[in-house]
Amino acid sequence: MRGEPYDPKAIEERWRHYWRERGYFRVDTARPRNKFYYLNMFPYPSGYLHVGHGRNYIIGDAIVRFLKMRGYNVLNPMGWDAFGLPAENAAIERGIHPRQWTLDNIAYAKDQFRAWGIEYDWEREITTCLPDYYRWTQWLFLKLHGSGLAYKKRAMVNYCPGCRTVLANEQVVGGECERCGTTPEPRELDQWFFRITAYADRLLSDLADLDWPEHVKKMQENWIGRSEGAMIAFPTGVGSPIEVFTTRPDTLWGATLLVLAPEHPLVDKLTAPERRGEVERYRKEAIRATEVERTSTERPKTGLFLGSYATNPATGEPIPIWIADYVMPTYGTGAVMAVPAHDARDLQFARAYGLPVRVVIAAPDGSIPDPGEMSEALVEPGTMVGSGPLTGTPGEEAIARTVAYLEGKGIGRRTVAYRLRDWLISRQRYWGAPIPIVYCDRCGVVPVPEEELPVLLPDVPFIGKMGLADIPGFAETTCPWCGGEARRDTDTMDTFVDSSWYFLRFVSPHEEKAPFVTEDVNRWLPVDLYVGGVEHAILHLLYSRFITKALYDLGYVGFREPFQRLFTQGMVCHAAYRCPEHGWLYPKEVDSLRCAKCGQEVATSYFAMSKSKKNVVEPAEIIARYGADTERLYTLFMGPPDRDIEWSEDGIRGAWRFLNRFWNLVVGQLPRLAGVEGEPERLDPAGRRLWRKLHATVKKVTEEFAGELGLNTAIAAIMELVNELGAYVDGGGADPHLVRRVVRDLILLLSPFTPFLSEELWHRLGEKQSVLETPWPDYDPGAVVGEEVEIPVQINGKVRARVCVPVPVASDPHALQEAALAAGEVQARLHGKEVVRVIAVPGKLVSIVVR
RNA sequence: GCGAAGGUGGCGGAAUAGGCAGACGCGCUGGACUUAGGAUCCAGUGCCGCAAGGCGUGCGGGUUCGAGUCCCGCCCUUCGCACCA
């Protein structure tokens with residue numbers, strides 16, 4: 001039976017029209033009943049999207065289609081994280097304005113979504129680089145400023161010469177600029193910061209209630225880096241004491257020197273006159289060193305004695321004060337009490353300079369090592385020794401009792417320190433939201449009044465290598481307070497500010513009086529399911545949480561967390577070729593693993609798709625050849641959504657073949673199914689098997705969508721059902737009611753994955769509504785069980801036979817055991833053996849032990 | 001160094017309240033239809049063995065009637081953090 005062949009090109013366009021025209025993906029946010037806020041991380045519009053980007057949105061579209069069929073009112077908006085450096089780089093390279101470049105890319109990407117069969121409520125589209133959005137990003141800045149959460153300070157910052165701007169701490173990854181890979185250099189600049197550290201404890205503790213992958217929570221936990229300890233003051237001869245943070249106050253009696261960061265503010269005062277020159281030199285050297293150099297682990301420790309002393313407040317003894325670049329100015333107080341006997345770094349330092357080592361904690365076995373012999377610091381807690389009044393305190397009480405002692409004496413107190421630093425948001429660029437601040441000689445730092453927002457980006461014809469500061473006329477303004485001459489802040493905000501609140505704007509994207517409507521966001525948020533890449537595990541997600549909490553404290557939102565459930569999808573990898581001479585090559589520049597230009601052998605490796613490695617696959621090619629459904633199906637089938645996967649040309653053909661098989665099967669059956677109505681009755685054994693499989697499949701697919709999102713196994717289950725339906729039909733299975741029911745449910749089950757093909761076959765089946773308006777199929781848990789089960793029988797741990805028994809027998813241990821022992825095959829095996837023990841596991845197996 | 005995830009056929013991957021290892025797909029082999037096949041369909045496919053059978057989830061031990069799954073000790077890979085006091 002040959003029908004019309006599957007031709008995606010002939011059917012897909014029609015359904016793109018149909019879905020958009022009928023507005024199936026629009027949502028009325030005024031009706032939050034049965035609401036579900038599904039959100040994909042919005043893309044940065046940098047040219048076209050490749051099949052790796054596609055994975056993120058295809059997962060989302062499949063989930064959203066499922067949810068709609070389950071009757072949810074789904075908010076599934078999309079927008080563009082449209083400010084940022086690549087637009088400026090493109091402007092420089094091609095002489096095109098960043099706005100033009102960005103908007104062109106957006107238009108192209110929108111077509112790509114449409115080609116994939118992904119339809120959004122485009123009336124809610126957000127573009128962060130347009131004034132009606134960044135106006136509210138500026139509003140957000142003013143609110144944070146008004147509540148003391150945005151402040152300006154002069155600080156050592158990471159300046160990226162490649163991007164010609166400063167970077168937030170989080171944007172320096174492995175000592176390199178997250179964007180361009182250049183090693184940032186330290187610079188001292190006046191910059192704006194958001195006080196995210198004020199929320200460190202809440203950002204940490206509220207993680208507990210989030211339905212997020214554990215490893216993402218862990219990453220945030222590590223990034224925040226909470227440690228409990230004590231602040232201890234060491235008196236000095238220059239008036240101000242040196243405050244030190246330590247997690248081991250119980251080792252105070254062993255502190256034989258103080259080590260300050262070279263940048264520590266008291267260094268000048270504490271330097272003996274005769275050592276000044278040397279100290280200056282060391283300091284300059286240390287400050288100039290990049291963070292990578294300074295923090296490289298295996299580097300020998302260096303330092304310098306300042307020539308002055310502090311007093312150990314516990315022993316009363318004078319101890320020397322040193323500076324060393326292993327002490328970070330930004331953590332704790334930028335000064336540490338060095339306890340060589342009980343800290344690995346301090347011991348290394350002490351050994352390098354011949355400094356005294358004093359043991360004040362006994363080893364776990366109770367012994368007290370000889371300080372002169374120690375080659376490794378004794379870092380485990382233990383009984384305190386040689387510690388004055390606290391000598392003999394056991395390890396488990398040591399810290400608490402020491403802190404109590406110090407507090408009693410007024411020389412120390414319990415404290416918590418965080419690794420997290422404040423968020424540096426100033427960027428010396430053009431393509432970002434201008435910071436709405438004015439500097440007036442008379443009034444000082446003046447926020448731009450809300451009603452004067454937005455502070456528009458100057459509309460200059462071409463942007464070369466310049467920031468706002470380089471654009472004539474931008475800075476000149478008048479002071480909003482006194483009307484006098486004033487200058488605007490010429491920095492723009494980090495683009496992570498734009499994306500740290502966009503999920504709020506989607507609920508009421510056209511509101512003109514406010515960034516969002518409190519009442520509405522309170523009904524729709526938190527986001528029920530947020531899906532995106534792990535690469536945002538720290539930056540974007542931490543910032544968004546912080547901003548949400550700040551808005552909560554200010555009374556603008558009634559929830560403390562933006563994203564209740566998070567799912568991180570894996571990246572799509574593909575072979576990348578690198579020629580020793582010509583660098584990364586496109587596959588077409590490689591001929592039998594040799595460079596087409598020079599003939600040298602190329603190195604093949606697998607990386608996440610990226611334009612720079614020339615290993616991307618363009619959806620347009622795939623869609624032209626196989627159609628969008630094939631790309632969608634393969635993308636979701638090739639592996640678990642949360643794991644990285646490797647794109648394979650062979651694999652996609654498997655998906656294509658499957659869809660052809662299914663299409664041919666259904667089209668071939670259509671003539672028999674016309675006009676057939678009603679449920680199947682009185683099934684034969686083959687029919688009952690198919691019926692059972694149908695219900696098991698619906699159950700499996702439903703559970704994956706509603707639960708762990710193992711969409712690859714859901715698709716595998718659907719393939720099994722298609723295979724069984726094919727076998728049933730080929731085997732002469734003739735019940736048209738059953739075939740129709742299975743075909744119908746299969747089309748619906750497949751529709752989140754292959755919406756075009758499903759919609760087409762659905763209508764050919766005679767249905768009038770869209771699959772999207774049709775309820776998701778139900779299953780009968782009773783039907784899943786079937787009537788008989790095959791039970792394996794093990795003899796001495798090996799499967800030697802299988803028995804088919806009715807379900808009631810299989811679920812009764814005694815009956816099951818009887819049935820297994822009675823089976824002929826089992827009897828033959830047991831002949832001449834003594835049965836020692838029989839274990840019958842209902843519904844599972846029978847295990848017989850013989851001698 | 002610390003933390004997390006992972007290691008299963010030729011390949012992508014299934015299966016964990018301990019219970020038939022390898023679902024589903026790719027590839028491969030054989031066959032059918034073909035002028036042809038990088039199309040389609042049918043059959044086979046963990047490894048060794050003619051077979052009976054044996055061996056198999058990174059390595060070595062252990063618990064159990066039974067271990068990919070649990071316990072102890074290692075090895076390797078990936079990711080995150082890393083002189084954080």
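All heavy atoms count here, side chains included; hydrogens, waters and symmetry mates do not. Quick note on labels: first sequence line is chain A, next is B, and so on, each numbered from 1.
With a 3.5 Å ceiling on both atom-pair distances, the Watson-Crick or G-U wobble partner of B/G3 is B/C79. In this entry B/C55 has B/G46 as its Watson-Crick or G-U wobble partner, both defining distances falling under 3.5 Å. Using Watson-Crick or G-U wobble geometry with both donor-acceptor distances under 3.5 Å, B/A17 finds no partner in any strand shown. When Watson-Crick and G-U wobble pairs are counted only if both distances are under 3.5 Å, B/G25 pairs with B/C11. Judged by Watson-Crick or G-U wobble contacts below 3.5 Å, the nucleotide B/G37 has no partner. The base-pairing partner of B/U64, taking Watson-Crick or G-U wobble contacts with both distances under 3.5 Å, does not exist among the strands shown.
Nucleic acid contact for A/Asp346: none, since no nucleic acid atom lies under 4.0 Å from a heavy atom of the residue. Backbone-only engagement by A/Arg800 is indicated by non-hydrogen atom pairs under 4.0 Å involving sugar-phosphate atoms exclusively. Backbone-only engagement by A/Ser227 is indicated by non-hydrogen atom pairs under 4.0 Å involving sugar-phosphate atoms exclusively.
The side chain of A/Met719 approaches B/G25 more closely than any other nucleotide in the set B/G25, B/C55, B/A85. Of the listed nucleotides (B/G13, B/G19, B/A85), B/G13 has the atom at the smallest distance from the side chain of A/Arg643. Among the nucleotides B/C55, B/G27, B/G13, the one closest to any side-chain atom of A/Asp650 is B/G27. The A/Arg419 side chain lies nearest to B/C81 when the options are B/G13, B/A85, B/C81. Side-chain proximity of A/Met219 to B/A85, B/G80, B/G25: nearest is B/G80.
Nearer the 5' end of RNA chain B, as judged by each residue's closest nucleotide, is the contact made by A/Met638, out of A/Ile538 and A/Met638. The residue among A/Tyr331 and A/Thr713 whose nearest nucleotide of RNA chain B lies closer to the 5′ end is A/Thr713.
Remark: the separation of the P atoms in B/U29 and B/U35 is 23 Å, to the nearest Å. With P as the reference atom, B/U77 and B/G58 are 16 Å apart, rounded to whole Å.
Taking 4.0 Å as the cut-off between side-chain N and carboxylate O, A/Glu621 and A/Arg625 do not count as a salt-bridged pair. No salt bridge links A/Glu724 with A/Arg689; every basic N to acidic carboxylate O contact stays at or beyond 4.0 Å. The existence of a salt bridge linking A/Asp7 and A/Lys9 is excluded, since no basic side-chain nitrogen approaches an acidic carboxylate oxygen closer than 4.0 Å. Looking at A/Arg413 and A/Glu243, a side-chain N of the basic residue comes within less than 4.0 Å of a carboxylate O on the acidic one, giving a salt bridge.
A/Asp812 CG to A/Glu818 CD: the interatomic distance, rounded to the nearest 0.5 Å, is 9.5 Å. Atom CZ of A/Phe234 and atom CE of A/Met337 lie 5.5 Å apart (nearest 0.5 Å). In this structure, A/Leu711 CG and A/Leu636 CG are separated by 6.0 Å, a value rounded to the nearest 0.5 Å.
At whole-Å resolution of the value, OH in A/Tyr326 and P in B/A82 are 19 Å apart. Rounded to whole Å, the distance from OH on A/Tyr634 to P on B/C24 is 18 Å. The distance from atom OH of A/Tyr6 to atom P of B/C41 is 15 Å, rounded to the nearest whole Å. Summarising the geometry, the separation between NE2 on A/His215 and C1' on B/C81 is reported as 14 Å, rounded to the nearest angstrom. Rounded to an integer number of Å, the gap from CG of A/Asp7 to C1' of B/A39 is 15 Å. A/Ile645 has its CD1 atom 17 Å from the C1' atom of B/A5, to the nearest Å.
Nucleotide B/G53 carries an anti base; the chi torsion (O4'-C1'-N9-C4 or O4'-C1'-N1-C2) is more than 90° from 0.
Counting heavy atoms from C-beta outward, A/Thr697 and A/Leu746 have side chains that stay 4.5 Å or more apart.
A/Trp656 and A/Tyr634 have their aromatic ring centers separated by at least 6.0 angstrom. Checked against a 6.0 Å centroid threshold, the rings of A/Phe753 and A/Phe705 count as neighbours.
Of the side-chain N and O atoms in A/Asn712, one or more sit less than 4.0 angstrom from OP1 or OP2 of B/A14. An OP1 or OP2 oxygen of B/G25 is reached within less than 4.0 angstrom by a side-chain nitrogen or oxygen of A/Arg661. Applying the 4.0 Å criterion to OP1 and OP2 of B/G27, one finds that A/Arg657 has a side-chain N or O inside that range. For B/A39, the OP1/OP2 oxygens have no side-chain nitrogen or oxygen of A/Asn660 closer than 4.0 Å. Remark: A/Arg653 is in phosphate contact with B/G27, judged by side-chain N or O atoms under 4.0 Å from OP1 or OP2. Between A/Arg248 and the phosphate of B/A85, there is no side-chain N or O to OP1/OP2 separation shorter than 4.0 Å.
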(message) I need a per-nucleotide contact map over nucleotides 60-69 of chain B, read 5' to 3'. Cutoff is protein heavy atoms under 4.0 Å; write B for the base, S for backbone only, - otherwise.
(response) -----B----
